[in-house]
Number of protein chains: 2
Amino acid sequence: MANQNVPQATAERLPLYYRTLQRLVTIGKTRISSSEFGDLLQIDSTTIRKDFSYFGALGRKGYGYDTQYLMDFLRKTLYQDELSKVVLIGVGHLGTALLNHNFQKNNNTKIVKAYDVDPKKIGTEVSGTKIYAMNELATDDNSDITAAILTVPVAHAQEAAEMALASGIHGFLNFSPTVLSLPSHAYVRHVDMTVELQALIYFLNHSMEERNSD
Amino acid sequence: MANQNVPQATAERLPLYYRTLQRLVTIGKTRISSSEFGDLLQIDSTTIRKDFSYFGALGRKGYGYDTQYLMDFLRKTLYQDELSKVVLIGVGHLGTALLNHNFQKNNNTKIVKAYDVDPKKIGTEVSGTKIYAMNELATDDNSDITAAILTVPVAHAQEAAEMALASGIHGFLNFSPTVLSLPSHAYVRHVDMTVELQALIYFLNHSMEERNSD
DNA sequence: TCACTTTTGTTAAATAGTTCACAATCTAAT
DNA sequence: ATTAGATTGTGAACTATTTAACAAAAGTGA
Ligand SMILES: NC(=O)c1ccc[n+]([C@@H]2O[C@H](COP(=O)([O-])OP(=O)(O)OC[C@H]3O[C@@H](n4cnc5c(N)ncnc54)[C@H](O)[C@@H]3O)[C@@H](O)[C@H]2O)c1
Ligand SMILES: NC(=O)c1ccc[n+]([C@@H]2O[C@H](COP(=O)([O-])OP(=O)(O)OC[C@H]3O[C@@H](n4cnc5c(N)ncnc54)[C@H](O)[C@@H]3O)[C@@H](O)[C@H]2O)c1
């Protein structure tokens, strides 16, 4: 259906477009130009027009984009029409925060169950999500699960990912500070907060030095 | 000191290199070649050599890189010699997880205080970090603080960032799902988990479709 | 209806990032 | 010492992404 030649950089901006359009529709804004949208998102308006152009002509010349139409289009493109089921592995500090955070609000995604090794946690619920024993993962059939959120200690991330993969899960959102080594049919996105913090510190110190020396 | 022409993409890989070298040094590995390092990080070895080359000749031909030397070099380059003080704003689910997570472990960064508006939280401590009232932020002098971690509800992220900026903080790690609009002397990095999750779902569904149609 | 303003969609140019290919040079082993 | 092998550092080629420029089309208001 959708064009297969959508650049990676474009695809990664679609969720941001979608979320912003949801907000615009909610506040009753029915149309927006690429330049106003760009100002809002701090993205060049040409980039926005180019991004949309990969999917055909979504706007109208002299008018701009219909927010509702564009939002509906992106909802389908991002598969937000169907509910995506995900599991969470490792119900510690971060995992608990994610379970409490309801991704379902304006995001058709549900954490349907969680896994942990801690006997004190197994069998309990966090915010309505049941916690199962990690060794059940080995025998569970999770082929209806889109992705696993990995919030286990770094030393166990690789083994946890392998178990999830064996149970039929191919997508991973990895919060552990390690590179996962998985076969090519798995797809991993890595949210690495330590890297983000260090990169922030690097750029801050560098821009300061530049300002001082100029 | 360091080359000002380091590409953004290179700079963003440095923390990953640094962390991996810490691990290698810990396990007693004294040398590594760019190709072995690349296999470990799933990065092309040429990219790694190019990255290092922006800082001069850090390796030895026919030998590779000395892990200790390279780690020390990156520690200085990433300003990890000095302790970076940060504050956290919004001690909710995610903020509490971040406070409990000790970034100091192998990361010379400390969350020195937190701010919140909830009277029940103000005055208490989480994992040794004191929580102050948000209105104190207005009068505090935070010019010795490198960055603020923003974990407030999305509706308050912009105002919280502006208050932090007024108190002397120029760096932001924003976890709220909104684009912050700040003057150009501020620097923001955005960790957007909703976007990550939707992007993951998009890429998973797309690679499946491609496999089915080929 | 007409004039003129707005704004898209797109081609082309510019910039950024990655990978190739290989000479230079160091290591290691005998 | 010599040599075979390893591995860096780097121009050049390639690929990806962003930005500029503008014709074409549609909107707006007299
Ligand atoms: N907490 C944060 O704010 C934060 C920030 C950045 C990165 N991280 C990373 O996220 C991961 C989780 O951090 P955390 O602070 O929540 O840790 P945590 O120790 O609080 O929680 C880890 C949880 O995983 C469970 N666990 C341990 N081994 C397991 C296994 N083999 N299989 C399944 N579950 C297992 C534990 O029982 C525990 O509930 C870590 O890799 C950490 O580096 C966390
Ligand atoms: N929890 C998660 O796992 C998660 C995941 C993705 C994104 N986020 C984002 O992170 C942010 C925080 O999420 P959360 O789940 O921790 O929310 P939360 O509601 O648990 O916590 C928010 C905290 O901020 C405080 N607060 C409210 N207004 C404030 C203000 N003006 N100034 C200072 N503090 C204020 C509240 O008292 C509360 O302690 C949200 O923007 C959320 O969208 C959270």
Side-chain angles (χ1 to χ4, degrees), chain A residues 2-17 21 24 29-71 73-74 77 179 195 199 202-203 206, chain B residues 2-17 21 24 29-71 73-74 77 179 195 199 202-203 206:
Chain A
N3 195 322
Q4 68 282 42
N5 289 333
V6 177
Q8 165 109 358
T10 294
E12 293 188 334
R13 280 187 292 266
L14 299 181
L16 182 60
Y17 295 154
L21 286 162
L24 293 175
K29 193 162 175 61
T30 58
R31 62 182 270 195
I32 195 161
S33 68
S34 63
S35 59
E36 193 183 352
F37 205 45
D39 289 348
L40 222 53
L41 299 176
Q42 294 166 26
I43 294 174
D44 191 283
S45 68
T46 313
T47 300
I48 289 175
R49 292 201 299 283
K50 181 131 261 190
D51 282 347
F52 291 156
S53 78
Y54 293 109
F55 300 96
L58 300 178
R60 283 149 64 196
K61 295 187 181 188
Y63 179 91
Y65 298 89
D66 182 281
T67 52
Q68 180 76 53
Y69 176 82
L70 196 53
M71 185 188 95
F73 179 84
L74 287 176
T77 304
V179 175
V195 162
Y202 176 86
F203 285 115
H206 262 270
Chain B
N3 196 322
Q4 68 282 41
N5 290 332
V6 177
Q8 165 109 359
T10 295
E12 293 188 333
R13 280 188 292 265
L14 298 181
L16 182 60
Y17 295 155
L21 286 162
L24 292 175
K29 191 161 176 61
T30 58
R31 61 182 273 195
I32 195 161
S33 68
S34 63
S35 60
E36 193 184 352
F37 205 44
D39 290 347
L40 222 52
L41 299 175
Q42 294 166 25
I43 294 174
D44 190 282
S45 68
T46 314
T47 299
I48 289 175
R49 292 201 299 282
K50 247 274 140 81
D51 282 347
F52 292 156
S53 78
Y54 294 109
F55 300 96
L58 299 178
R60 283 149 64 194
K61 295 186 181 189
Y63 179 90
Y65 298 88
D66 182 283
T67 52
Q68 180 75 53
Y69 176 83
L70 195 54
M71 185 188 94
F73 179 84
L74 287 176
T77 303
V179 175
V195 162
Y202 175 87
F203 285 116
H206 262 269

Does any non-hydrogen side-chain atom of Ile43(B) lie less than 4.5 Å from one of Val179(A)?
-> no

Does a side-chain heavy-atom distance below 4.5 Å link Leu21(B) with Phe37(B)?
-> yes

To the nearest Å, how far apart are [X] [atom1] and [N] [atom2]?
X        : N       : atom1 : atom2 : value
Tyr54(B) : dG11(D) : OH    : P     : 11 Å
Leu58(B) : dG9(D)  : CG    : P     : 7 Å
Glu36(B) : dA6(D)  : CD    : P     : 14 Å

Pairs touching residues 55-70 of chain A that satisfy side-chain hydrogen bond (donor to acceptor under 3.5 Å, both in side chains), sequence neighbours left out | Gln68(A)-Asp72(A)

Any side-chain hydrogen bond (donor to acceptor under 3.5 Å, both in side chains) involving residues 32-44 of chain A? Give me the pairs, sequence neighbours left out, ordered by first then second residue.
-> Lys29(A)-Glu36(A), Ser33(A)-Ser35(A), Ser34(A)-Arg49(A), Asp44(A)-Thr46(A)

Can you name the salt bridge (Lys or Arg N to Asp or Glu O under 4.0 Å) partners of Arg13(A), sequence neighbours left out?
-> Asp51(A)

Anything under 3.5 Å between a protein N or O and an N or O of nucleotides 13-16 of chain D, put it in a table, one pair a line.
none

For Thr10(B) and Val6(B), indicate whether the former's side chain and the latter's backbone hold a donor-acceptor pair under 3.5 Å.
-> no

Between residues 62-69 of chain B and DNA chain D, which residues have a heavy-atom gap below 4.0 Å?
-> Gly62(B), Tyr63(B), Gly64(B), Tyr65(B)

Where along residues 42-52 of chain A does a heavy atom come under 4.0 Å from DNA chain D, residue by residue in number order?
-> Asp44(A), Thr46(A), Thr47(A), Arg49(A), Lys50(A)

For Ser35(B), which contact category applies under a 4.0 Å heavy-atom criterion: base, sugar-phosphate, or nothing?
-> nothing

Terminal helix-axis angle for the helix from dT1(C)-dA30(D) to dT30(C)-dA1(D), with five pairs defining each axis and rounding to 10 degrees = 30°

Counted 5' to 3', the first and last nucleotides of DNA chain C within 4.0 Å (strictly under) of a heavy-atom of chain A are dT6(C) to dA12(C)

Just how far is it from atom [atom1] of [X] to atom [atom2] of [Y], taken to the nearest 0.5 Å?
X         : Y        : atom1 : atom2 : value
Tyr17(B)  : Leu40(B) : OH    : CG    : 12.0 Å
Thr77(B)  : Leu14(B) : OG1   : CG    : 7.0 Å
Tyr202(A) : Glu12(B) : OH    : CD    : 10.5 Å

Smallest separation among heavy atoms of Ala11(A) and Pro15(A), with atom names = O-CD, 3.3 Å

Any residue meeting side-chain hydrogen bond (donor to acceptor under 3.5 Å, both in side chains) with Thr47(B), in chain and number order, not counting sequence neighbours = none

